[in-house]
Amino acid sequence: SFQFRRGSQARSIHCLSFNISSTMLCVSSDTGNVHIFKLEESVAVTAAQQLTSTMVGYLPEFFGNIWEPSRAFAMVHLTASAGVANICCINSSNSEVMIITANGELFVCQLDAINGGECKILSEHRLGGV
């Protein structure tokens with residue numbers, strides 16, 4: 001099983017999208033951020049998560065918040081689009097994340113499928129008629 005953490009506050013999720021091979025999950029929310037999670041699970045991570053789940057029950061809440069599921073592998077920050085509904089996807093070569101907003105904006109961002117991190121915005125387009 002997988003657990004994902006994209007932030008510390010509750011948010012509305014706009015879109016959940018898998019890449020073509022179902023090895024990454026792209027998630028957008030009402031903050032304007034898009035988070036990409038890798039869907040690879042190792043024995044070491046699973047054992048650590050089981051140990052953490054057991055320990056958190058005995059520790060103060062502060063420590064439980066530290067030992068939560070791993071955070072996003074890669075992300076896009078579109079702060080100017082916070083609060084605007086959007087959909088996101090990863091292209092078939094896992095090299096780009098595309099985000100389309102309800103305002104008619106299309107963002108194409110570079111995704112480093114090996115190292116992750118902040119995705120660079122490659123281009124922005126305004127879709128006509130919106």
Side-chain angles (χ1 to χ4, degrees):
S1 69
F2 295 99
Q3 295 180 1
F4 307 104
R5 179 177 174 150
R6 42 126 301 275
S8 59
Q9 296 179 352
R11 294 293 181 192
S12 294
I13 300 298
H14 289 267
C15 181
L16 295 170
S17 173
F18 292 93
N19 68 339
I20 197 163
S21 59
S22 296
T23 57
M24 286 189 253
L25 176 65
C26 190
V27 180
S28 68
S29 70
D30 60 355
T31 62
N33 295 334
V34 175
H35 299 271
I36 296 95
F37 298 92
K38 275 199 167 185
L39 302 179
E40 298 171 348
E41 191 169 16
S42 68
V43 175
V45 171
T46 302
Q49 285 177 342
Q50 289 173 350
L51 178 61
T52 298
S53 296
T54 302
M55 291 173 54
V56 166
Y58 297 102
L59 297 171
E61 184 178 339
F62 169 79
F63 292 103
N65 290 337
I66 293 172
W67 285 321
E68 290 191 16
S70 62
R71 296 209 177 237
F73 163 74
M75 71 278 322
V76 179
H77 296 288
L78 301 175
T79 52
S81 296
V84 178
N86 61 67
I87 58 173
C88 59
C89 66
I90 299 170
N91 70 352
S92 60
S93 62
N94 295 329
S95 62
E96 294 176 343
V97 176
M98 290 161 279
I99 304 131
I100 300 174
T101 72
N103 289 347
E105 297 171 295
L106 167 63
F107 297 91
V108 179
C109 308
Q110 183 176 14
L111 172 63
D112 183 339
I114 296 172
N115 299 311
E118 183 71 27
C119 298
K120 176 184 174 188
I121 297 174
L122 298 174
S123 61
E124 299 178 37
H125 308 276
R126 182 86 179 141
L127 305 176
V130 179

Problem set entry | Asn19 (side chain) donor-acceptor with Ile90 (main chain) under 3.5 angstrom | no
For this session: Drop me the distance from His77's NE2 to Thr31's OG1, to the nearest 0.5 angstrom.
Result: 8.5 Å
Exercise. Between Gln110 and Glu96, is any pair of side-chain heavy atoms under 4.5 Å apart?
Worked result: no
Exercise. Can you find a heavy atom in the side chain of Leu111 that is under 4.5 Å from one in the side chain of Met24?
Worked result: yes
Exercise. Looking at CD1 of Ile87 and NE2 of His14, how far apart are the two atoms once the value is rounded to the nearest 0.5 Å?
Worked result: 12.0 Å
Problem set entry | Pairwise distance SG(Cys26) to CG(Asn91) - rounded to 0.5 angstrom | 10.5 Å
Exercise. If only atom types and distance count, is the side chain of Lys38 paired as donor or acceptor with the main-chain N or O of Ala113 below 3.5 Å?
Worked result: yes
Exercise. With side chains defined as the heavy atoms from C-beta onward, is the minimum distance between His35 and Leu25 less than 4.5 Å?
Worked result: no
Problem set entry | Residues, nucleotides or ligands: over 12 heavy atoms within 6.0 Å of Leu16 CG | yes
Exercise. Any donor and acceptor pair, going by atom type alone, linking the side chain of Asn86 with main-chain N or O of Ile99 inside 3.5 Å?
Worked result: no
For this session: Decide side chain to side chain donor-acceptor pair (under 3.5 Å) for Ser29 and Asn33; before the verdict, give the C-alpha distance in whole Å, the side-chain angles of both, and the deciding distance to 0.1 Å.
Result: CA-CA 6 Å; Ser29 70; Asn33 295 334; 5.7 Å; no
Problem set entry | Sub-4.5 Å side-chain heavy-atom contact between Glu105 and His125 | no
For this session: Carefully, step by step, assess Leu78 and Val84 under the rule side chain to side chain contact (heavy atoms under 4.5 Å, CB included).
Result: CA-CA 10 Å; Leu78 301 175; Val84 178; over 6 Å; no
Exercise. Any side-chain heavy-atom pair from Phe107 and Val76 closer than 4.5 angstrom?
Worked result: no
For this session: Drop me the distance from Phe73's CZ to Asp112's CG, to the nearest 0.5 angstrom.
Result: 6.0 Å
Exercise. Linking I/L/V/M/F/W/Y whenever any side-chain heavy atoms sit under 4.5 Å apart, do Ile20 and Val97 land together?
Worked result: no
For this session: Report the residue from Val34, Ile36, Thr101 that forms a side chain to side chain contact (heavy atoms under 4.5 Å, CB included) with Cys88.
Result: Val34
